[in-house]
Each structure stands twice: as structure tokens, then as C-alpha cells.
Engineer: 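One structure, as C-alpha cells, below. Some questions next.
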Amino acid sequence: MNRRQLIRCTFAAAALVAAPSVAFADVNRIDVYITGDSNIINFWNNIIKPAYESAHPEYTLNVVSARNAIAPIVERTLAALGTEVDPQVDIFDENDPNLPAGAIEKGLWVDFTEAGLQNYDKINPVTIETNYGLPYRGTQVVLAYDTTKLAPENAPKTWAELVAWMKENPGQFTHNRPDTGGSGGNFVRRAIHEANGRDPSLFRIDNYVQGESDELLAKGFELLKEIAPYTYGPGSYTADNMQSIQMLAQGVITMAPVWSDMALDAVNKGVLPETIAFTQLTDLAFAGGFADMTVPTNAGNLEATLKLADLVLSEEIQTKVVTEIGAFPAIGWEHLPEELASKYSNLQPASIPTFPGGPWVSAISDGWFRNVAPHVNR
Amino acid sequence: MSTVEAATAAVKRRHVDGRGLIGLLLVAAPVTLIGALILWPVSVSVFDTLTVRGPDGRHFSLESYRFFFSDGFSLRNLWLTIQVAAICTVLLLVISLPIALYLRFSETRLAGYIQALALFPLFVPSILLAYALIRTLGPNGTVDILLTAVGLPKIPSPYLTPWGPIIGLVWDNLPLTLLIILAGLSNVSRASIDAARDVGAGSFAVLWYIVLPRIRGTLLVAASFIILGLFSAFTLPYLLGPAVPEMMGPFMRRTIIEVDDPLQARTQAVVTFMICALFAMFYVRSVARTRREQSS
Amino acid sequence: MTRVMRLDWKGWLIAALLTVAILLPLVNVAVWSFTEVWRYPAVIPQKFGFRFWGDVLGRRDVRDAVMTSLSLAAIVTALSALICLPASYAFARMNFPGRNLFFMSFLTVYAFPKFGLYITIATIFIGLGLIGNFWGVVLIQLVSTLMFMVWIPVSAFQNVDRRQEEAARDVGASPLRVFWSITMPQVLPAITAAVLLTFVNTFYETEVAWLIGAPEVRTVPLLMIRFINSELIVQYGAILSLIMWVPSFLLLIVARRFLGAQALGRAFA
């Protein structure tokens, strides 16, 4: 972070000279950065944008796809903090406020407990991980499999059955790398849960201790190393969510972990054949999670952006979260229409096992790349 | 040739006096841009990797480099990158040279077709190429479909192995290499080749004694261009390559985004830069040697 | 002319190999763009259709991005030629202090890993208000084109036949006239190559456009990355690239006239 300060000093003078050129940005535009796949982008463009703009006609939403490249934008926002510069960033739809380290302490993110949002109290408390992130939609990882090669009655129901099936059918399973996309990452997290007594409460946002916690992770990595020789390749892990789905569509593999909403969409659009079915492990489900919106305190339109965040948590939008993208709502079912609740609430598991972000993310990603990935190589 | 060189030397001498300032003015704009937007940020990066912030301000430290060079994982990634770069460079030169020679010394319609074809990868962004190759050479891709249709076994797919990025990068860099070599070949006159042929030299002898010495510098330029580009390649290694070992491009990005370690990422960048600088130095020295030989 | 005949089997061999290596993946993409369902092991896609074409062409963001990309590439290429070609001439023909050092400094554009560099540049740009700004993207893309634009023409300028120039000057031609009639035709192929490379590299560039340009500057490749990486329907990306080949084809045809003319001219010289 030293570099940033160094640079800030040097360009303080330069900024003065260039000051007139700063005021380019359209002042009434709210820049929304979306990390999700295109279904989420379409949701913001087609549902949230019209709703917000009709309520606040003086503002326009600018929806930007930031997939896999959010870190530089966050860095940019952080660099502008404390200067007069508008970072042209108002809200991230899915972002971990713990990254980069120290951003919270520097006051980069809005604390939602103090932001005075009307709908904040409606949020289902189990979905809140941090004061600096505002959950608004939840999804879960499930196993997608090809019923032409695996009959639904034989689909694995527990981790042990899954491993047994993989050993009987080598090369028929793959997952993507845990650094992108998340479906593979949550498969890795499920292995870590499995190796630690299937107790998600062992992992909390604030209890990562270097060394000690790495031992917990290492036990999970051991399980993954055990199954590595039976994965496709063996040991060929795809780059992203989409590549796993394509391997499934091409009939190369029989099973892969996928995001539930994304895979359903893929079947609806004919990308995956009708013969694809889904199953969830019953001893402990795959981790899922809620997407946390974050708002930088130096957002150009902070007040309007908070109104936007409030709108996303409204009954109207949260209903659409369920019906349009097949995700779980972040506010309690009691705040949603009764017919919706009776129809869908049983689909949502009592609690989606979650795995905290923050330091765990880099520990798992780096640990997997250093320990599991090199274990077998084609 | 000696008359040309003498004339060149004469022109050069005449230009030396009084025109230095004009020369400097003409190059001022691009050189300034390089200084402000490349050298300055690079110096900031290097400075960052060489210092740590202690209680009493910044002081010099080689800690980040010590970590990089004692970390087997990082070294393995670096080694893979070097290997891939070497293989790609050799493949590219071997593939481009015959094509370039053919294009240089023939003016058939076929040459037009070949040139258009060989330059076409310029117009294919790497993200699309990655998908085209997955669909074509990937498991159950088009090649597999065609082979299965005629009853042949499937190919061992290069997808998600180090050969995936190699194929992709060669494909992607072919036009650039070809253009550089073609430019160099324009120095080789047809007359000199015909003369050699007339005294009975075979194709190989012509290539070895007439063509190669004249385009040695060009080949070095081509090689350094390719290598420098390969070290920061991201899309193709990321999408087509294995999870580990990673090439430096994906590794740097993952270090910054996922591992959240900008210092290490910068160290990786500087190490990569140093290796590239080494190639650049070879190149610079060879150019200088050629110049000396010409002027003596 | 007999040599041409003898060389020809090589030509056919090269043409055949290149056709397979270059065209197969591209034809594959083209077929995919008209395909709605194509699953292994069918040789012919199960379902053809134009549905996705309608989807892509009907989008406003696609049209806007095409305009942004074209103007960005055109402006960068023009600026680059404007400042680099004189510099290139100076490097080739003049002697001035620090010439070799300056000349080699262009290598650094290529030598430092881009991603690391752009992140540092982005933090500098934000203080200058150049983030999310069209001209910020122009500036940094301009830098990445410098090496091609300076280096490629240099060797051509050096190889210009000085005897012709001297001769022209001896019969009283003005320096400008000499440059235009003698020097220019000889370096045109190299300049064409440099312009072509610059335009195309700028047109298909993604990292700068994203790191510096977001959210204001949206280019076609950025759209394509989004289409291919996060859109379930990969065909959108395939269609977009087919659309993008139209300007590229035109450029290539124009460029080939100059590139090819050179080969011809040389052969008869």
C-alpha cells in the first residue's frame, strides 16, 4: 500500500493542474459493477434499472460487467479515496469488502448498519456476514449429471458415495479451479467441510489464524488429492464455470458441480441437454452464498446509491430475485408475498452452508494451487 | 554492395553536423511518452519490490525476491513459462521462415492466398481463438467428431495441458513473426540468390550461406518480439492451459486478485521483466555488432 | 518463369497445411454462429438457426461498441503514425546524442508484463482524471503502439537506396520531392505493415480498455469477453467476431495491395 501513498503525493500537484479535466463524468449516473454471469447483468438491466429510474428519474443506472476483473477497479476506488477525484464507481453487486486487506480500516466501504436503510432490518440475519456488505441474492452449488450415463436413482447422495462413484468411473468428473467462478471453489470448500467433521461453524470470517487454520484446510486438500487421479484428465481442472458446463454439454464428462441458477438457465436455453439432472449432497449441502453489495464511501452519488441499495432489498425486487433468476431472497420469507413463500420457501434449505470470505479466500485458493493442483499432472 | 555502403557512410557523415538537434526533436514525442508511461511506472514498481516499510520509514530489502527464488511453486511457473516461450519461438521461426521465403520469391495467385491466410490470425482476438480451439481440438471437439465419423480413434486432446497454450500462442503470433521476417527478407535480393544458384548451390546452401546471414538480425528481432509477448500472455494460457504449472501471466493476475499479494505480484513482474531484459540485451548487442561490422 | 513452376509444389503444400491449421478453427466458429444445437458425435449440427444473429444485431450496446472501437483504433493509429514516423526517420537517417539508447527504450513497452504495468499506470491516471476517459485509453494505447510504429519503418528507411536519392537530388529535385517520389515508395510497404499491426492490435486490445476505460469506454472485444466468458450462449461471441471481420477484411485487402506491390516491384528491380 506504500506505493499508493507515494504516488498520491506525487500526483497531488499534477491533479491540481489537471483539475478542470476531472469533471467529465455524468454527475447523475450511478455506476454499477456486476461480478455475476450474464443472467445477473440482465436482471439489473431489465428489472432493477427500470424500477429505480422510474422512482428517481433524475438518475440513470450504468450497468457494467466486471467479471473476473473486479480487483483493479477496487484498487482504483481505493486510490481515489481521500482525494477529490470521482472514482466513477458507485456500487459493486458482489464483492468481498475484506479485500484488499485494510480497505475497511481505511474507510473505503459504507457501514450498512449505520446507513439508515429502511429495509435493512428485514434481512434474514443468517445471510449477513459483515456490516460492510449487503446481501441481496443467494445461490448454491449443486451437482449436475448426465442421466444417459448415470441413472437418477444411482446419483450420489453423500460425499462418500460421490467419491465411490468417482473411483468407479475415473475421468468422468471435473470441477473448475477455485480462483474463478465459484462452483469449483465451493466443491473444494465442501471437501474442507467433509474433512473437518462437516461442521461449517468452524470457519468464521474472523477466526482465520495463519498456520492453525491452514491445518484445517490441509485436511480438506488431502481428500481432494485422494480423488485427483479419478478426475478428468486426470487433474485437468477447467478454467471457469462455463467451461465445466461445456464439458458436460459435449458429453466429455458425466458430472460437475455447477451453480443452480446458472445451470437451470443453461437447460432452459438449450445449452445443456434435457437429459441433465441435478442432485445435492444430503449429509451436508455444497456451500453457497449470498452476493454482498458493497458501496464505496467515496462514491460520486453516495446518497442516490444507498437509495438504490434500499430498493434492491424491497419486497418488489426480492420477489423478482426468486422468480426471475431462481435465487434465494436475502430478506426473510415473512416479508415476501405469502403465495411466493409457500411455493418456494421449502426449496431453500433451512440454511445454506456458507464459507466465509476474507483471508480464507486467498488461503484456500493459494493452498489448492500449491498442494492439490500439482498432485497429478497430465 | 560496397558502393552502397560507402555512399551510406558519406550521407551519414554529412548528417552528423548540425542535425543532431532536429533528430532529437523528431524523436522527442515518442520518447517522452515512453518515459512518462513506461519507465516511470516501472521504476515505481521496482522501487516497491526492493523496499519494506519499517517503523522508521522505508529501507532496502531483498525479502520479496528471496521468497520468489526460494519458492518451488513460483520457480516452477517461471520455468514453464520459459519452456513454453522457447518452444513457441522455435516453432514460430521454423513455420514462418519457409512461408516467408515462398512469399518473398514467388508472385503467383497462390502466394496471395497464403499471405491472406497467414495474416488472418491478426483478426482473431485471443479470447475467440481460445474458444475456437476448445471447440476444435478439445475433447469431443470437431476433430474428434470427424475422426469418429470415419471410424478412427480420437486424438489426445491438448486442452488443459501445456500444449494447449503452445498451439494457441503459435497460432496467434504467426502473422507478427511472418511480417517481421518478410520485412527482413526484402534485404535479400533475388539476384544474389540466382547468382548462388548459377554457381551450383543447392536450396539448403542458399538458405544457409546467402539468406540466413542476411536476416540474422531480423530473426533475433522476431524471436525477442515473440518471447517478450509470451511472457505477459494471459488469455490463452489461462483458458487452454493446465491449472498448474501456470504461466507467469495468469500467475501474476491470480497473485494480485486472489492471493491479494500485490508485492509478490510486482516481484513476479520484475523478475519476468529482468528475463525479458536479458533477451532484449542479446538483441541490442547483436544489433550493435552488426552496426560495427557494417561501419568497419 | 520456370522457377515459379518448380517452386509451386511447395506453395501448394504450404497452402494446404495453412488452410487446415488456420481455417479449421475459424470455420468451426462460423458454423457455430448459425447453430442452435450441436452435440457430439453428430457431424452436422442438430439444429441450425438465425435466432442468435437477431439477438446480437438487435442490441444497442453492440452498435455503440463497434463505433467506439473503430474510432479508438483509427485515432490511435493516426496519432501513432504522426509522432512515430518522423521519429523513425530520424532514427534511421540522423545522428544525435543518445540515439541508440532512445531507440532501445521502445523495447520496454513490450518487456514489462502488461498487467503489472497497467495497474500502476491506472493509479497514476486516476489522479489525472484519465480513468474512464476515452482519451486516457487513447494515450495508453498509443504508448503500446510506439514500438511497432517506430521500429518496423526504421529498417525500411535504412534500406532505401541512397544512390537513387542522391541522383534525384543531383538533378535538382527538392528534398520534399525526393522524399515523396523516391523514399516514400520504398518504405510504404513497411509503413503499411506498421499501420496495419497498430490498427489491429488497438482494435482487439482488451486489458487497457478495461483497466483504464471502464465504465465509460466499451469496446467490442470487451463485449466479446463478456459474451464468451459469462454468457451461456457462446454463439454471441462467434457472431460478434464474424461481424468484426468485416472491417478487418477491408483493411487486409487494402493493405495487401501495398504489401504485394512491393514484392512485385522488388522482383523486377
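For the numbers below, each heavy atom of this structure counts, side chains included, while hydrogens, waters and symmetry mates do not. Labels below follow one simple rule: chain letters A, B, ... track the order of the sequence lines, proteins then strands, and each chain is numbered from 1.
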Engineer: Any idea which of Asn28(C), Ile14(C), Thr19(C), Val31(C) has the most non-hydrogen atom pairs under 4.5 angstrom with chain B?
Structural biologist: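 Answer, by heavy-atom pair count under 4.5 Å with chain B: Asn28(C).
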Engineer: Might you point out which heavy atoms bring Ile34(B) and Ser105(C) nearest each other, and give the distance in Å?
Structural biologist: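 What the structure gives for the nearest pair is CG2-O, 3.8 Å.
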Engineer: Which bit of Leu174(B) comes within less than 4.5 Å of chain C, counting heavy atoms only: side chain, backbone, both or neither?
Structural biologist: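 The answer is the side chain of Leu174(B).
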Engineer: Are Ile180(B) and Trp151(C) close enough, and set up right, to give a side chain to side chain contact (heavy atoms under 4.5 Å, CB included), and what steps lead you there?
Structural biologist: CA-CA 10 Å; Ile180(B) 297 175; Trp151(C) 279 25; over 6 Å; no
Engineer: Give the minimum heavy-atom separation between Ala118(B) and Leu18(C), together with the two atoms involved.
Structural biologist: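 Reported closest heavy-atom pair: CB-CD1, 4.0 Å.
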Engineer: For residues Tyr204(C) and Ser126(B), is any side-chain donor paired with an opposing acceptor at under 3.5 Å?
Structural biologist: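 No, Ser126(B) and Tyr204(C) have no side-chain donor paired with an acceptor closer than 3.5 Å.
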Engineer: Sort Leu110(B) into side chain, backbone, both or neither according to what part of it lies under 4.5 angstrom from a heavy atom of chain C.
Structural biologist: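 Side chain of Leu110(B) only, per the 4.5 Å heavy-atom cut-off to chain C.
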Engineer: Less than 4.5 Å to any heavy atom of chain C: does that hold for the side chain of Ile99(B), its backbone, both, or neither?
Structural biologist: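 Both parts, heavy atoms under 4.5 Å.
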Engineer: Given that the side chain runs from C-beta out, which part of Phe106(C) has a heavy atom under 4.5 Å from chain B: side chain, backbone, both or neither?
Structural biologist: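 It is both, since atoms from each part get that close.
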Engineer: Check Ile114(B) against Gly11(C) and note the closest heavy-atom contact, atom names and distance.
Structural biologist: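 For Ile114(B) versus Gly11(C), the nearest heavy atoms are CD1-O, 3.5 Å.
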Engineer: Would you please test Ile145(B) and Tyr40(C) for side chain to side chain contact (heavy atoms under 4.5 Å, CB included) and show each step?
Structural biologist: CA-CA 7 Å; Ile145(B) 288 177; Tyr40(C) 179 84; 3.7 Å; yes
Engineer: Any side-chain heavy-atom pair from Phe96(C) and Val27(B) closer than 4.5 angstrom?
Structural biologist: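 Phe96(C) vs Val27(B): side chains touch.
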Engineer: Using a 4.5 Å cut-off on heavy atoms from C-beta on, say whether the side chain of Leu24(B) contacts that of Phe102(C).
Structural biologist: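 Side-chain contact under 4.5 Å: yes.
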Engineer: How many angstroms lie between CG in Leu26(B) and CZ in Arg93(C), if you round to the nearest 0.5 Å?
Structural biologist: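 Taking CG in Leu26(B) and CZ in Arg93(C), the distance rounds to 12.5 Å.
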Engineer: Looking only at heavy atoms and a cut-off of under 4.5 Å, which of Pro121(B), Gly249(B), Pro41(B), Gly229(B) has the most pairs with chain C?
Structural biologist: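 Looking at each of Pro121(B), Gly249(B), Pro41(B), Gly229(B) in turn, Pro41(B) comes out on top.
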Engineer: With only heavy atoms counted, which part of Leu25(B) is less than 4.5 Å from chain C, the side chain, the backbone, both or neither?
Structural biologist: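 Nothing of Leu25(B), per the 4.5 Å heavy-atom cut-off to chain C.
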Engineer: Heavy-atom pairs under 4.5 Å with chain B - which of Asn201(C), Leu23(C), Leu26(C) has more of them than the others?
Structural biologist: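 Sorted descending by pairs with chain B, the first entry is Leu26(C).
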Engineer: Do Trp171(B) side-chain atoms and Ala21(C) backbone N/O form a donor-acceptor pair below 3.5 Å?
Structural biologist: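 Flag set: sc Trp171(B) to bb Ala21(C) pair under 3.5 Å.
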Engineer: Determine the option with the most heavy-atom pairs under 4.5 angstrom with chain B, choosing from Leu240(C), Leu117(C), Leu85(C).
Structural biologist: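 Counting heavy-atom pairs under 4.5 Å, the top option is Leu117(C).
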Engineer: Check Val43(C) against Ala149(B) and note the closest heavy-atom contact, atom names and distance.
Structural biologist: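 Closest approach of Val43(C) to Ala149(B), heavy atoms only: CG2-CB, 3.5 Å.
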Engineer: Less than 4.5 Å to any heavy atom of chain B: does that hold for the side chain of Pro221(C), its backbone, both, or neither?
Structural biologist: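 Nothing of Pro221(C), per the 4.5 Å heavy-atom cut-off to chain B.
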Engineer: Quick one: closest heavy-atom pair of Ala132(B) and Pro25(C), and the distance?
Structural biologist: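 Nearest heavy atoms, Ala132(B) then Pro25(C): CB-O, 3.7 Å.
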Engineer: Which region of Phe120(B), side chain (C-beta onward) or backbone (N, CA, C, O), has a non-hydrogen atom less than 4.5 Å from a non-hydrogen atom of chain C, or is it both or neither?
Structural biologist: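 For Phe120(B), the contact with chain C is made by the side chain alone.
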Engineer: Report which part of Met149(C) has an atom under 4.5 Å of a heavy atom belonging to chain B: side chain, backbone, both, or neither.
Structural biologist: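 Contact with chain B: none, neither part.
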Engineer: Below 4.5 Å, heavy-atom pairs only: which of Val200(C), Val29(C), Leu142(C) has the largest tally toward chain B?
Structural biologist: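 Max contact count across the listed options: Val200(C).
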Engineer: Using a cut-off of under 4.5 Å for heavy-atom pairs, which of Leu185(B), Leu128(B), Thr272(B) has the most such pairs with chain C?
Structural biologist: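 Most pairs with chain C among the choices: Leu128(B).
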Engineer: Do you know which of Leu139(C), Val150(C), Leu146(C), Leu17(C) has the most heavy-atom pairs with chain B at a distance under 4.5 angstrom?
Structural biologist: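 When all of Leu139(C), Val150(C), Leu146(C), Leu17(C) are compared, Leu146(C) has the most.
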